[in-house]
Amino acid sequence: MLEEKLKILGGAAKYDASCSSSGSGRAGKDGFGNAHMAGICHSWAADGRCISLLKVLMSNECVYNCSYCVNRRGNDVPRATFTPEELAALTAEFYRRNYIEGLFLSSAVVHNPDYTMELMLKTLRILRKSYRFYGYIHLKVIPGADPLLLYEAGLLADRLSVNIELPSEKSLKLLAPQKKKTAIIRPMEAIKSNKLQNLEERKLFTSAPLFAPAGQTTQVIVGATPESDFSILQLTKSLYNRYNMKRVYYSAYIPVGRHPILPGPDRPVPLLREHRLYQADWLLRFYRFDADEIVDSENPNLDLNLDPKCAWALRHPELFPVDINSAEYELLLRVPGIGVTSARRIIEARRHKKLDLDDMRKMGCVIKRAIYFVTAKGRFAATVSPDSPILRDILSEGTPYPQMSLFDTPSTSLLQGGSKLSLSDSTRAALQPVKI
Ligand code: SF4
């Protein structure tokens, strides 16, 4: 019975991509588990999904009917709900056997948001207080739940997340009419303000309990609705700026729903689009790019054949080539093939000597890309200039890997992800797909 629940609810949770665990350091002396040093290491499947956590739903018996979701009320799938005692015991046992390094707990809406949050919080209370479990917990907040429940969730979990789901209110109204944008935004604001308040409290009382130490994340479903990458990146920027998001995750829509605007199985959303959005997100967070520099209303979608930084450089040949021995740090960051670390190394090293391409290579630069955009010791070493029309073809990556099926052979692909997990039969079962 429990195994059957695990199979159903593990399978139902796999559509959520937002389960990275970085940034939390929960640990204790009188229990077991450690969210940072000992337990959590990220393990990514070949399709980009994180697999180091027990990733389950509390329940898939949803009273909502979001068209894009496998767990919608109108879908004919097996249903199950864990009791808090069952799920807490399962998590503790799996952790002890080293099958997992933490828990990622989400849920469909059972009865109503408060009832669902109560079930999830009871699970966490048992884990933290009865089992004295100090491992990593990522909890999905149910939009519309009472703020007091949200506050308690922040004290029990390391990371909270509220899925924004679709990139616009219009799409939300169309595909998830029971969800309201305000009900999604409000908990994001509350998490942010509770965290700020918690920081102040901890300045006064170092023993004050931590509130969601790993911060908050969210997930956007990409390709279910017609919004462009421009709209998605604008939304991303505002989520980072307004709610101090640790991460925005992108999940290419998997065709499990039925609605005239949803793409069917014959029109899969390319995983490469998800990958390009992650690259663009990286540019926003670490490379000082603005969303409308990466894409704009005239070129609203990312080029699937080029990484976004190369695409930007090709649109701005007037800025290149740059002299690596004198360019500002900000400009070095914009050179394809030069990363944050290598840009810092260049700035440091050029204080002592004039650098050439060989020095750049030793510093970790990707010369096969950078060579078209830099000069070193007064020399431009490429045979093709930055404004050449053929450079696009040279830098084009094409489709680096074939479109993969996410769930045809989950256990195989999970193990290909470099995991050191030894998965038990029941864990494997939890990761099997739900037949839809
Ligand atoms: S609320 Fe909507 S998205 Fe969430 S589980 Fe229910 S049907 Fe799916």
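In listed order, ligands and their atoms are each counted from 1.
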The one among Ser59, Ala12, Cys69, Ser67 that brings a heavy atom closest to atom 8 (Fe) of ligand 1
Cys69
Do we see a donor-acceptor contact under 3.5 Å between the side chains of Glu227 and Ser171?
yes
Within 45° cone and under 6.0 Å: Lys55 NZ/CZ vs Phe104 ring
yes
Arg334 to Phe289, cation-pi by 6.0 Å centre distance and 45° axis angle:
yes
Tested for salt bridge (Lys or Arg N to Asp or Glu O under 4.0 Å) against Glu165, the lone hit among Lys179, Lys173, Lys180, Lys140 is Lys179
Nearest protein heavy atom with distance in Å, relative to atom 2 (Fe) of ligand 1
Cys66 SG, 2.3 Å
Part of Lys179 with heavy atoms under 4.0 Å of ligand 1, whether side chain, backbone, both or neither:
side chain
Which of the atoms in ligand 1, numbered in the order shown and given with their element, are less than 4.0 Å from a heavy-atom of Ala108?
5 (S)
Considering the heavy atoms of Cys62, write down every atom of ligand 1 situated less than 4.0 Å from one of them.
1 (S), 5 (S), 6 (Fe), 7 (S)
Salt-bridge contact Lys192-Glu189 (side-chain N to carboxylate O under 4.0 Å)
no
